[in-house]
Amino acid sequence: MKKRLSADPVRLKHHGKRIAMSAARYFLLIGIGAVFLYPILFMLVNSLKDVQNLVNPTIEWLPSHLYLENFGRALYTLQYERVLPFTVLYVAVAALAQTVSCAMAGYAFARHEFPLKRLWMVMLIVAFLIPAQVTLVPKYLMFYKYGLTGSPLATWLPALLGQGVNSSIFVLVFYLFFAGYPRSYDEAAQLDGAGRLTVFFKVALPMVGPAIVVSILFSFVWFWNETYTSSLLLGSEFRTLPMKLESFVAEFTSIYQSSSSSSMATKLNESLRMAATLLVISPLMLLYAVLQRRFIEGIEAAGLTGE
């Protein structure tokens, strides 16, 4: 009886510590979630306001009525029906090409020995540290010489050859994954008569599914948001949604400036920009919602959480 009574305070102390740690953890998660969700909620609420609600200081979060015309005008200004399919195709091809090339490079570093292997690994890291703006001029001159400017090939070919946006990161991620499973799997497949490509596609790649999801998702987002280099290589004939968003105010003004129903307040309406921004980022949010579980698994397995 005395032992039970003496153990109860210790047990209660540990129980109290667990409750305090759980409360602190949830408080931290709620705070971080609020920081990330606030911009999305702010854009969503303001995109549903008309000019009167926008300038009314008494209305902050709940508009007096939902004003959906902002999305209609934003869709028309962005040419959403025409630009969205091209943007998805342009980004998806680049992301898939970069994933395949980086997977092959990561597998080569993890499973094969070749001359100057460490030097090439160092060069790979150095290439990541060099800003893209430094190599932009020679890259543009090279593609212009070969007649590839003004075409998506100016982005697809570098991605296929492992020179896409931040390819070095994906090579290192695949290297960690391929080095993490036993070599005996590859050797068993080779004993059964499988060639190197067969081993890579049928044995190695299925073992690193989370890395593939991480590479595709990050590549998709980075190619989607990359407008500085793409605007020069694609030219004015091909425009992605983020590029259209950069010139949204000028294009909206040129479209509606002659309209009799368009006032200066409408042209300067911040809600239109919020609606256009939501339309541009909505495909990325949908992609993340679909691949969320596999993406988190890949981040944890790759050790990119900082732990």
Side-chain angles (χ1 to χ4, degrees), residues 86-179 196-197 200-201 204-205 208 210-235 237-243 284 287 295 298 302 304:
F86 168 74
T87 305
V88 173
L89 177 64
Y90 167 76
V91 174
V93 171
L96 290 175
Q98 179 169 262
T99 299
V100 172
S101 61
C102 291
M104 289 183 173
Y107 183 78
F109 277 111
R111 285 291 188 257
H112 299 289
E113 296 295 332
F114 47 88
L116 303 177
K117 178 179 177 179
R118 293 186 178 180
L119 176 62
W120 289 116
M121 182 66 73
V122 172
M123 293 295 293
L124 185 71
I125 299 175
V126 171
F128 171 72
L129 299 177
I130 298 176
Q133 291 81 0
V134 175
T135 59
L136 180 59
V137 173
K139 182 185 294 185
Y140 177 82
L141 293 176
M142 180 180 67
F143 285 122
Y144 179 80
K145 179 180 179 181
Y146 290 106
L148 295 176
T149 55
S151 168
L153 290 176
T155 300
W156 292 346
L157 287 179
L160 185 61
L161 298 176
Q163 294 296 317
V165 181
N166 296 331
S167 291
S168 302
I169 292 180
F170 303 124
V171 174
L172 294 177
V173 168
F174 280 110
Y175 169 78
L176 293 175
F177 271 87
F178 285 127
R196 291 186 177 182
L197 289 178
F200 174 74
F201 284 105
L205 280 185
V208 295
I212 296 175
V213 174
V214 169
S215 178
I216 290 178
L217 188 57
F218 271 113
S219 296
F220 195 94
V221 172
W222 285 339
F223 275 111
W224 185 281
N225 294 326
E226 209 290 310
T227 58
Y228 182 75
T229 304
S230 298
S231 60
L232 294 177
L233 296 179
L234 292 177
E237 184 176 354
F238 298 98
R239 306 280 288 175
T240 63
L241 281 176
M243 296 178 193
L284 300 180
L287 179 65
F295 173 70
L304 300 178

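- Other residues, nucleotides and ligands place no more than 12 heavy atoms under 6.0 Å from the CG atom of Leu197.
- With a 4.5 Å cut-off on side-chain heavy atoms, Leu160 and Ser101 do not count as touching.
- Listed by first and then second residue, the side-chain hydrogen bond (donor to acceptor under 3.5 Å, both in side chains) pairs involving residues 163-174 are Gln98-Ser167 (not counting sequence neighbours).
- Contact record, Ala204 with Tyr107: CB-CE1, 3.6 Å, taken as the closest heavy-atom pair.
- Of the inter-residue distances, the one linking Leu124 atom CG with Ile169 atom CD1 reads 10.0 Å to the nearest 0.5 angstrom.
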Could you walk me through whether Ser215 and Thr99 satisfy the side chain to side chain donor-acceptor pair (under 3.5 Å) test, starting with their C-alpha distance in whole Å, then the side-chain angles of each, then the deciding distance to 0.1 Å, before giving a yes or no?
CA-CA 6 Å; Ser215 178; Thr99 299; 3.1 Å; yes

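- The two residues Arg239 and Thr87 have their closest heavy-atom pair at O-OG1, 4.4 Å.
- Phe220 is linked by a ring-ring contact (aromatic ring centres under 6.0 Å, His included) to Trp224, counting only residues two or more places apart in sequence or in another chain.
- Residues Phe218 and Val173 fail the side-chain proximity criterion, which asks for heavy atoms closer than 4.5 Å.
- Scored by the ring-ring contact (aromatic ring centres under 6.0 Å, His included) test, Phe114 finds Phe109 as partners (sequence neighbours excluded).
- Checking side-chain atoms of Ser230 against main-chain N and O of Thr227 turns up no donor-acceptor pair under 3.5 Å.
- In this structure, CD1 in Ile212 is found 13.5 Å from CG in Leu217, a value given to the nearest 0.5 Å.
- Applying the ring-ring contact (aromatic ring centres under 6.0 Å, His included) criterion to Phe238, with sequence neighbours excluded, gives Phe86.
- Residue pairs meeting the salt bridge (charged side-chain N to carboxylate O under 4.0 Å, His left out) criterion with at least one member in residues 93-118, sequence neighbours excluded, are Arg111-Asp186, Glu113-Lys117.
- Note that CD of Glu226 is 9.0 Å distant from OG1 of Thr240, once rounded to the nearest 0.5 Å.
- The two residues Phe170 and Val214 make their nearest non-hydrogen contact at CE2-O, 4.3 Å.
- In this structure the side chain of Asn225 reaches within 4.5 angstrom of the side chain of Val221, judged on heavy atoms.
- Across Val208 and Phe177, no two heavy atoms sit closer than the pair CG1-CB, 3.4 Å.
- Residues Ala159 and Phe223 come closest through the heavy atom pair CB-CZ, 4.1 Å.
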Contacts under 3.5 angstrom, residues 141-156 side chains, donor-acceptor by atom type, not counting sequence neighbours:
residue	atom	partner	partner atom	Å
Ser151	OG	Leu153	N	3.2
Thr155	OG1	Tyr90	OH	2.8
Trp156	NE1	Tyr90	O	3.0

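- Using a 4.5 Å heavy-atom threshold, the side chains of Phe178 and Phe200 count as touching.
- Heavy-atom minimum distance, Leu233 versus Lys139: CD1-CD, 4.5 Å.
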